[in-house]
Amino acid sequence: MTEHIHYIYQTMKLKELLENLKYQAVGDVDTADVTDICIDSRRAVRGAMFVAIRGTVTDGHLYIGKAVEGGATSVVCQELPAETRQGVTYIVVEDTEAVVGILATRLFGDPSSKLRLVGVTGTNGKTTTATVLYEMFRYMGHKAGLISTVCNYVDGEAIPTDHTTPDPVTLNRLLARMVEAGCEYAFMEVSSHSVVQHRIAGLHFAGGIFTNLTRDHLDYHKTFDNYLKAKQRFFDGLSHDAFALTNDDDRNGRVMVQNTKAHVYTYSRQGDADFRAVVMESHFEGMMLMIDGQEVAVRFVGSFNVSNLLAVYGAAVLLGADRHAALVALSVMRPVSGRFETMLSPRGYTAIVDYAHTPDALVNVLETIHDVLDGRGEVITVVGAGGNRDHGKRPMMAHEAVRLSDRLVLTSDNPRFEEPQAIIDDMMTGLTEDEKKRTVAITDRREAIAYACREAKRGDVVLVAGKGHENYQEVKGVKHHFDDKEVLTDIFKTEN
């Protein structure tokens with residue numbers, strides 16, 4: 001889409017933009033105009049509103065002066081700067097993070113109200129569920145948008161992403177582009193961070209989907225209860241005209257929707273629910289499922305993916321899709337990049353690349369591998385843990401990995417600002433002396449993958465877990481190109 005098209009924002013009167021918000025003003029509110037909005041001072045243009053947010057890394061109040069130099073004519077802050085500039089209006093509010101989403105929604109013309117926006121939240125399965133919904137609705141002839149961990153899309157146009165859920169300004173800008181492109185639907189991952197940080201404030205959701213809840217992001221939320229409540233707040237915010245589709249197989253599935261005003265629906269692999277599925281056959285190339293009394297062959301593997309596909313199917317039906325058309329679309333969908341992607345080695349073993357980076361996700365993937373192998377081969381798992389994140393899950397991940405593998409290779413993931421060996425040492429504390437005998441530690445991830453492949457025999461499976469779609473390793477603040485699939489492809493070339 002070309003940049004000269006004015007889908008990005010509309011000029012608004014500052015007073016109109018601030019309507020019904022509590023604030024104190026220094027400067028002209030009545031006649032001032034706002035042409036754009038930003039939370040990054042480097043993006044300030046003439047007539048823009050700069051919102052100073054106190055983030056986890058830096059405080060936007062320190063950059064008010066730079067934003068004004070860049071052309072900002074209004075500033076939203078929690079406290080006035082020491083020096084105010086003539087011709088600039090300063091708006092003081094109690095919490096800038098809480099209002100920026102509302103301001104962005106208004107300036108961009110409330111784009112989410114012009115789309116049928118569905119949010120997907122949970123620990124695992126968000127990317128697969130949101131992406132397959134996006135692909136399915138496009139397959140069924142609709143224009144749709146996607147906001148996800150892997151990539152954002154405005155209909156067919158790919159837009160790189162940095163966060164699972166973007167900041168409110170980027171988010172509303174994306175949604176406005178979708179409206180301009182004629183999209184009818186938008187599907188987005190809703191992270192727990194985005195709920196707590198008000199990134200989705202002001203958005204109107206046609207529906208919300210809950211996938212599951214297991215330990216993750218405790219470095220940020222501190223307790224599991226805080227993490228649960230962050231997810232729950234998303235459903236608490238849904239309106240009477242929305243749907244809330246929850247996983248009845250997860251013990252927190254009903255908790256998520258206990259306070260929602262939305263219409264509640266359930267999906268399950270195990271019990272009675274509004275949407276049910278049974279696995280008829282399973283192999284590494286896909287599964288045969290029974291959904292709604294109809295057999296459908298899918299290219300996905302694993303019970304966790306049965307849940308993901310049920311969520312997709314249920315949401316499609318709740319959005320008005322024909323049930324048969326939705327099942328036909330499911331049968332042609334492909335797995336998301338880095339989610340249980342299988343690669344067959346010339347030597348006859350199978351390599352699987354998966355994003356699993358929590359203990360529960362590892363268990364799901366490894367149990368699926370064993371279900372398909374049915375004792376006919378061994379499993380060698382290559383896995384690490386991210387640096388500067390939840391230390392408590394490291395020994396748990398190692399324990400689950402070795403419990404469900406014949407051999408374990410511990411290696412580096414994204415060490416960030418930690419030493420890779422220190423992370424591996426943390427993981428090792430989760431292993432017994434007997435388990436350590438089936439474990440090797442190879443810090444270099446490329447060499448770790450190569451070692452696992454050399455050890456594998458015909459019929460075995462090498463699981464390379466933790467990074468999935470990521471094509472980089474983050475070391476000391478620098479992202480270096482690294483792609484697990486590329487490494488495996490290179491290894492396979494030497495086996496021919």
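Source: prediction; values computed, not measured. All heavy atoms count here, side chains included; hydrogens, waters and symmetry mates do not.
Within 6.0 Å of the OH atom in Y153, the count of heavy atoms belonging to other residues, nucleotides or ligands does not exceed 12.
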Show every donor-acceptor pair shorter than 3.5 Å between a side-chain atom in residues 303-329 and any protein atom, with sequence neighbours excluded, or say none if there are none.
{"from": "N305", "atom 1": "OD1", "to": "N308", "atom 2": "ND2", "distance (Å)": "3.1"}
{"from": "N305", "atom 1": "ND2", "to": "V301", "atom 2": "O", "distance (Å)": "2.9"}
{"from": "S307", "atom 1": "OG", "to": "R269", "atom 2": "NE", "distance (Å)": "2.8"}
{"from": "N308", "atom 1": "ND2", "to": "F304", "atom 2": "O", "distance (Å)": "3.4"}
{"from": "Y313", "atom 1": "OH", "to": "D292", "atom 2": "OD2", "distance (Å)": "2.4"}
{"from": "D322", "atom 1": "OD2", "to": "H324", "atom 2": "N", "distance (Å)": "3.1"}
{"from": "D322", "atom 1": "OD2", "to": "A325", "atom 2": "N", "distance (Å)": "2.8"}
{"from": "R323", "atom 1": "NH1", "to": "D292", "atom 2": "OD2", "distance (Å)": "2.5"}

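V29 is not listed as a side-chain neighbour of K13, based on a closest heavy-atom distance of 4.5 Å or more. Between R389 and R416 there is a side-chain heavy-atom pair separated by less than 4.5 Å. At least one side-chain heavy atom of I424 sits under 4.5 Å from a side-chain heavy atom of T443. Counting heavy atoms from C-beta outward, L117 and M188 have side chains that approach closer than 4.5 Å. Counting heavy atoms from C-beta on, the side chains of V92 and C77 come closer than 4.5 Å. Considering only heavy atoms from C-beta on, L228 comes within 4.5 Å of V255 through its side chain. Residues M49 and L103 form a side-chain contact, since some pair of their non-hydrogen atoms from C-beta on lies under 4.5 Å apart. Put simply, the side chain of K467 does not reach to within 4.5 Å of the side chain of V353, judged on heavy atoms.
For D248, the side-chain hydrogen bond (donor to acceptor under 3.5 Å, both in side chains) partners two or more places apart in sequence, or in a different chain, are R254. Not counting sequence neighbours, the partners of S194 by the side chain to side chain contact (heavy atoms under 4.5 Å, CB included) test are T165, V190, S191, R199, I200. With sequence neighbours left out, R251 forms a side-chain hydrogen bond (donor to acceptor under 3.5 Å, both in side chains) with no residue at all. H198 is linked by a side-chain hydrogen bond (donor to acceptor under 3.5 Å, both in side chains) to nothing, counting only residues two or more places apart in sequence or in another chain. Listed by chain and residue number, D444, F482, V487, D490 satisfy the side chain to side chain contact (heavy atoms under 4.5 Å, CB included) test with R446 (two or more places apart in sequence, or in another chain). Remark: S239 engages D241 in a side-chain hydrogen bond (donor to acceptor under 3.5 Å, both in side chains) (not counting sequence neighbours). In this structure R299 satisfies the side chain to side chain contact (heavy atoms under 4.5 Å, CB included) test together with R334, P335, sequence neighbours excluded. For A273, the side chain to side chain contact (heavy atoms under 4.5 Å, CB included) partners are T266, S268, R276, not counting sequence neighbours.
For the residue pair H480/Q473, the side-chain donor-acceptor check at 3.5 Å is not satisfied.
Legend: side-chain hydrogen bond (donor to acceptor under 3.5 Å, both in side chains) pairs involving residues 14-26, not counting sequence neighbours, sorted by first then second residue: K15-D30. Identified under the salt bridge (charged side-chain N to carboxylate O under 4.0 Å, His left out) test for residues 205-214, with sequence neighbours left out: none. For residues 106-124, no residue pair satisfies the salt bridge (charged side-chain N to carboxylate O under 4.0 Å, His left out) rule, not counting sequence neighbours.
By the 4.0 Å N-to-carboxylate-O rule, E419 lies close enough to K476 to be salt-bridged with it. The existence of a salt bridge linking R339 and E470 is excluded, since no basic side-chain nitrogen approaches an acidic carboxylate oxygen closer than 4.0 Å. Under the 4.0 Å criterion applied to side-chain N and carboxylate O atoms, D155 and R138 are assigned as salt-bridge partners. We find that R43 and D36 are not joined by a salt bridge, their nearest charged nitrogen and carboxylate oxygen being 4.0 Å or further apart.
Of all heavy-atom pairs spanning V34 and S74, the tightest one is CG2-OG, 3.9 Å. Shortest non-hydrogen contact noted between G122 and T211 is CA-OG1, 3.2 Å.
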Report the C-alpha separation of H357 and Y355 in whole Å, then their side-chain angles, then the decisive distance to 0.1 Å, and conclude whether the ring pair (Phe, Tyr, Trp, His ring centres under 6.0 Å) test is met. CA-CA 6 Å; H357 61 284; Y355 188 52; 4.4 Å; yes

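Ring orientation note: the planes of F137 and Y185 are tilted relative to one another, at an angle of 30° to 60°.
Taking CG of D249 as the reference point, atom CG of N212 lies at 10.5 Å (rounded to 0.5 Å).
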